[in-house]
There are 8 protein chains.
Amino acid sequence: MPSSSRFKLLLRRFRAGRISAAVIEEFVRQLPYRDLRFAKVDLHRSLRRRFPEVIYGRGKTPRQIASIAQALREAGAQVLVTKVSPATAKKVRQHLPQLRYFPEAGILSDAVSSLSGRGRGGVLVLSAGTSDFRIAEEAAVTLEALGFKAERLFDVGVAGLHRLLKHLPKIQKASVIVVAAGMDGVLPSVVSGLTHCPVVAVPTSIGYGASFRGVAPLLTMLNSCSPGVAVVNIDNGFGAGYLAALIAGRNKK
Amino acid sequence: MPSSSRFKLLLRRFRAGRISAAVIEEFVRQLPYRDLRFAKVDLHRSLRRRFPEVIYGRGKTPRQIASIAQALREAGAQVLVTKVSPATAKKVRQHLPQLRYFPEAGILSDAVSSLSGRGRGGVLVLSAGTSDFRIAEEAAVTLEALGFKAERLFDVGVAGLHRLLKHLPKIQKASVIVVAAGMDGVLPSVVSGLTHCPVVAVPTSIGYGASFRGVAPLLTMLNSCSPGVAVVNIDNGFGAGYLAALIAGRNKK
Amino acid sequence: MPSSSRFKLLLRRFRAGRISAAVIEEFVRQLPYRDLRFAKVDLHRSLRRRFPEVIYGRGKTPRQIASIAQALREAGAQVLVTKVSPATAKKVRQHLPQLRYFPEAGILSDAVSSLSGRGRGGVLVLSAGTSDFRIAEEAAVTLEALGFKAERLFDVGVAGLHRLLKHLPKIQKASVIVVAAGMDGVLPSVVSGLTHCPVVAVPTSIGYGASFRGVAPLLTMLNSCSPGVAVVNIDNGFGAGYLAALIAGRNKK
Amino acid sequence: MPSSSRFKLLLRRFRAGRISAAVIEEFVRQLPYRDLRFAKVDLHRSLRRRFPEVIYGRGKTPRQIASIAQALREAGAQVLVTKVSPATAKKVRQHLPQLRYFPEAGILSDAVSSLSGRGRGGVLVLSAGTSDFRIAEEAAVTLEALGFKAERLFDVGVAGLHRLLKHLPKIQKASVIVVAAGMDGVLPSVVSGLTHCPVVAVPTSIGYGASFRGVAPLLTMLNSCSPGVAVVNIDNGFGAGYLAALIAGRNKK
Amino acid sequence: MPSSSRFKLLLRRFRAGRISAAVIEEFVRQLPYRDLRFAKVDLHRSLRRRFPEVIYGRGKTPRQIASIAQALREAGAQVLVTKVSPATAKKVRQHLPQLRYFPEAGILSDAVSSLSGRGRGGVLVLSAGTSDFRIAEEAAVTLEALGFKAERLFDVGVAGLHRLLKHLPKIQKASVIVVAAGMDGVLPSVVSGLTHCPVVAVPTSIGYGASFRGVAPLLTMLNSCSPGVAVVNIDNGFGAGYLAALIAGRNKK
Amino acid sequence: MPSSSRFKLLLRRFRAGRISAAVIEEFVRQLPYRDLRFAKVDLHRSLRRRFPEVIYGRGKTPRQIASIAQALREAGAQVLVTKVSPATAKKVRQHLPQLRYFPEAGILSDAVSSLSGRGRGGVLVLSAGTSDFRIAEEAAVTLEALGFKAERLFDVGVAGLHRLLKHLPKIQKASVIVVAAGMDGVLPSVVSGLTHCPVVAVPTSIGYGASFRGVAPLLTMLNSCSPGVAVVNIDNGFGAGYLAALIAGRNKK
Amino acid sequence: MPSSSRFKLLLRRFRAGRISAAVIEEFVRQLPYRDLRFAKVDLHRSLRRRFPEVIYGRGKTPRQIASIAQALREAGAQVLVTKVSPATAKKVRQHLPQLRYFPEAGILSDAVSSLSGRGRGGVLVLSAGTSDFRIAEEAAVTLEALGFKAERLFDVGVAGLHRLLKHLPKIQKASVIVVAAGMDGVLPSVVSGLTHCPVVAVPTSIGYGASFRGVAPLLTMLNSCSPGVAVVNIDNGFGAGYLAALIAGRNKK
Amino acid sequence: MPSSSRFKLLLRRFRAGRISAAVIEEFVRQLPYRDLRFAKVDLHRSLRRRFPEVIYGRGKTPRQIASIAQALREAGAQVLVTKVSPATAKKVRQHLPQLRYFPEAGILSDAVSSLSGRGRGGVLVLSAGTSDFRIAEEAAVTLEALGFKAERLFDVGVAGLHRLLKHLPKIQKASVIVVAAGMDGVLPSVVSGLTHCPVVAVPTSIGYGASFRGVAPLLTMLNSCSPGVAVVNIDNGFGAGYLAALIAGRNKK
């Protein structure tokens, strides 16, 4: 961590009376974030949290997204923007054509392309129904942007249990499994009962009536009879992928 | 239906001018219910709905339960009291020792003992966890009181799927299956995906935290991805057994 | 069940040493579903569950619906797509003109036309208000697609009880009754009190204010004082029809 | 209204310069309420609202109830205490034996006994199930304390519709009807559909599971398809009786 | 009531043997409602409930509204359609120009114009804020359609109590008061504390954040510390006006 | 307060017999509000509450806003309209070009421009994320319209704690701090733990899934472990600014 | 602030090379909190937040409370324990008889007695009903412990508005007002409309049915039409008093 | 895995024709679970999920717990019973004195004692307040029973941030951190922002009012602005510990 070692150096010099307190203060004031008025871009997050700051795209204008992304790029960081609609993506890419758009995942990033096919393995991403696969894609692309290889198994809900059981070997070999499910949200419980790795469960707002925009699968997952299920927010595919990466990354140096 | 044919006879006689309107009025006034001030016992429910009136025990004093039960017995009907605590049961049985108490089901009845071992078959009663089995027992004893044979399979939750799959032949042969489950409530979805008979799902209030006293399994069951799941109220073991009996009774004369 | 008997044959041959384990493995891998990347079409559901796999239309593109429907048709299965808007239906039918669209029910199917007027009887479909009849239609068309004759009685809510009571004979003769009701959702309770057959209650999101998009009628139905009411999800006309078909089908060979 | 005419007199005298402003101020300060530190007893409520101030018994000690009741009695007002447990009632009556306790209604009052059998008529009080009758009694005794005759019809829920329909003439002749119902809460809707008088609906917390301590019947009543239903708080038998008295009292001088 | 006296005549004739049971049956079958497939118009509601059947406009097509209205008019009944958007109103009036549209109330009716200025008095309609006045208008126009004169006092919320208190004499003379309020919904409690007539409280969905589309004022009103408050559904201006008319009509012959 | 002192003068004259009661009555009738039919503009609010009446813009037409604003201006009061969309602002300004529009705050006012840069200080306005800054702006502009200087610190959420801690001196010197935060809403708790001034917390509806449109941060703030946090409604930037002004104004004459 | 100035001194000495870094580290390690294993007592909170750390009594054993209180006292801080039952208070006082117990407020403190009758004024504490006065007392005693004089006005709810209006002069002179109200929770809105000081609103769990243990008054207060209302958690009398003290303390040196 | 390798052996023998299908069937029937009627003890869970089956103690009688524990012990598995009250623990230990009881964690186990002081490290268990430490203890003892060393840091909530920051080095070195927090539940967000390891957040039901028995911290955690937070059910200390063990165990062989 360069900035941190530089800080220690400065402190030692201050101790030695070679520099004044003003220098220290100035250094801290220059700590690597950049103020864009509407946003303070956290440029040393990757130092502190291993991954760069991620931009939550919803509710931001294309111009705001482009500015933040540009600031990150200028600082040498990689860019990952989530919950981006196709229209917004198009406008952002007019400023930053280097960003690649993943329409099914709603992600805009310059981190994924460079890693395709490589990446560390062992992460499985499952979705229960055809409609849940967008959130699963968001998790998978996030994993890929963070340097992992994400194997996808979509539409393997329990209504047709044989579709799931066919992949039992993969499930039992995985180091961590992300499961996206809406409606009754039972898939993570069933998957967790079949394996001994952590399952990251992401409820989706897919469904209608008493699914209450994802509350039903959220409660199912929180109450899973099978321990070892980690729950994230409804539709938070990015969060699921990020958490899976943190877990999968544990056995790496 | 005796009372109904008697009514038709009276109407024909009235038509013929042989009896006065007052007789008809009197007959209607005598229609078989009995007023105990706090309750109007519906004595001809069994004519109208095939099964006798059922007494909901909670919130009634032992004396009230005994009075209603006595009125039903005097009218020749069978007695089924639900949600009865051991203490209440003991006091009621001091008045009506003919009633048998089923402590795990919380049921007091004179209808079950006479049918044990016989009864029409094909009904399976499952529970997901050890703690759900009281509600499952309530359903099973209700079925037995209504003349059905209820085969029990308890503690077959999805956390140990092999315990369930071992009983697959029974599950696939059943004519109707009652499934009681608390916490995540996923068992009915899984069972329904394995069979082609209707599944009566009864959520239980077993659990804590975000199970919200049965709301979590209730939502899971209502959102079941596998069609063919009929849901009843939380902890309503009686209702589940009753509905299963109505369904199973369809193919009988 | 052809695939199952074929499997037994293979097992016997393997036992006899005439085929290798690889053949068995290959057979299992060929189990009848088809992977369309975004969906794994369950082609042998009709074997397992008596009815073909049903496509939930909402949230899928016309192209996705058409692909899945095509795969089912090529496997000789019948097609039933629910929650389809007129615009989507029009686009799907450009690929598959054999599918018939039922605009009030929002269903696209090739199963109904062949059965019109025939089908097994005894199923009654009621709606409480004029606005609930779309969900009731969804249930009725589902029943027809599954080979049943569904008699409709719409707009018979309790605000004008005489409209309902006029149909008392039909209600008392039915083998199963589907009741769709929004707002206060009291119709299933009243109907159930008048008959001895199971009532499948489907709450609708019709209403405003404290109906909370169907929560009010859902709770009313779950708490029905009259036992024998099976509840399904809000607006789940398909699920109500499917469950009614499972129940009505019980006394058939 | 004595205090009000007295006030006008004082104002006229002040205008005439015969009394000082201090006298006016003093009169206002002496406005008929009494400060018991923990309570300010509103002694002229009966002037303003026709009925005396009512004491909500829950959460108050027997001593507090007795003090407030005593203050009211000393001011010549009648006493009505609601939600009083038998134990509390016993202790209060040690101080004020003139108060009569109605155990089923949970009411302590000196207003009822003097009116028994007399009182203005036309008010009907219905309860749906045996367990709801306590709340109905609270409404009925409140009506009697306010000078009305309350005819009770208990246990006339829709599960046995003939019990209700037998009383149709009374229902159609009433000037206002109070209906207490728990669980599904459908009785007010049905009653309202049979009459042209206002129906005061009071949901009760009787029930379990998805009745959510009275939320289910509350929602049913608020969404009643039959207009003319006035809803009060869950278990608010007093409020229902009070409102019915206000309505029934409209056609009196 | 013509149909009812006709029925008694028929019964007497049947009793005398002069007509057959078939005639009775036929009469009942001809009971005045009309089946429009999607709706069964209840033509004798005005006999039973004093007021004609009211059409809930939301969720119905202009054509459906026009058909039902036409059927009511042909039967000699008056028409009242609620929750009608300007666009729908325009289309319905192309078929039925006799209906008058009240845009602020969202009501379409032929009953109001004939009564303007006349009507029985004593009903006050209050709204708390400027945004609540549409619901208040819906109540007021409903009252006018039912033959009452509705005096309006809009924007008299408690944030400027002097605006309300200025109208105290009117408030204390009213026979029934309708109060529409959103956000905190405190106005009905305050008004009820100032008068001795019943207050019909209608919560509105006006507000944002923790008003939860009318839940906040609904709860405020249900919990009113001042008894005598009758609550109806959120945004149910029609229901409030109808209930007020039933109450106000009590002291009329 | 002119109107109040004038009232006292009148009263003294009335006492002296120099003016009649009619004059007093007339004065009260002329109390400064103006009736625009849909609104009663409270012109003497600034006397009573120190700040002028504020117009809630949502749900009002541009014409209504302009009329109320015009009435306020004619009475010499300042204008502050909240929750105004750009389109509405444009139309209102066609009538009243003197009003300035603050698009990020959604505020229309003639009070702010005159005070820019001056105003009493000590108020800090923080926002947790980039998307929360609109609500923070609404609070800040409200403060400026009320005569305070509002220092903004946006995008200082706890995910990058160093961005917040850098401003610790300002936080510890502030007299009152407004904090807008959506999603988890933890910022007010953290800020309150770092200072000894009151913190006004305004939850925003920014977020998705289990943020439930602001319920999650609302609950976080209400449960703050750090005392001294005052909570206002979700998205109520105006209310937060107003409350902060009331608090900050306490130590001024 | 001794510890802080000592720290500065140490830093200067370290800068001068007179002490080693170890001394600084040791000092920080000795920062004034004390670890009791189950609790880390924050001894310098009074430096940072002006008031000492407050002990939340519920869920702690008498022994735990006594240990923490003892640690605070040994550090020279004052003790304030909230939500203490009489039984717990008795046991704690066996260890620490210096603490005084306020049974109605549920508070145990050594800070109040020394200030009685003195304290800074201007704070008014109101309660709406007799049952709310415990929470109001908790706020009042908290204020007294923090050195303020709290004038109490209890049982001044809006059902008898004249009880409140009589105190109008006090209300309009106050510098901050705490209002505790359960059930409909309307009192803070009404009070806020009558004054120009901040109102701290504390909803209480008093009530039943649809008050939902304080949710109804909480929502009423959050939606208050009258700006200037600061809301704290349900039953949080301590928090209300603390916040009022922070606000009232602003104009003191 | 002995049973699994035995199964493979049997299959090979069957293939070779040396044993009959009946032997295979028998082996499967003997699969290691034991039926105690009320429970089917899953004896080979440790094979499948690495950890033995865990007994949820609440709602089970001491006798039932002892029977299941005995069955597990006889099969050579270790015992872990959660949510055990002291009274229940005492009774179970009369049958099985080998089990050790951890009163603060509510856990009964024979797995912990053997591992004390050893165990794999790197897991930190934090609690926000003194009252949350029971749930944190449940997580910590679970970790110890599963062979991990759990370092505890209790009462480090954000109200006194310096108590937390003092432990920053430990927090930044941990491989996984469990954080238990009630009330506002902000601690996991803050901790996660300071580290790059996964944080397992367990909301507790500690708090009152708007904490809604743990819903408030649950929502805070699900909405954490800082990614990398895994949420489990309210009060699910066991689940948090189990999940942390699965994650921490990833980098071990």
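Every chain is numbered from 1 and lettered A, B, ... according to where its sequence line falls, protein lines coming before strand lines. Since the model is a prediction, treat every value here as computed from it, not as a measurement.
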Do you know which two heavy atoms are closest between D:N223 and C:A210, and how far apart they sit? ND2-O, 2.9 Å
Spacing of C:L218 atom CG and D:L219 atom CG [to the nearest 0.5 Å]: 10.5 Å
If you measure only the distance, is there a donor-acceptor pair under 3.5 Å linking the side chains of C:S189 and D:D184? yes
In this structure, CE of D:M221 is separated from OG1 of C:T220 (nearest 0.5 Å) by 9.5 Å
What part of C:F212 gets closer than 4.5 Å to chain D, counting heavy atoms only: side chain, backbone, both or neither? side chain
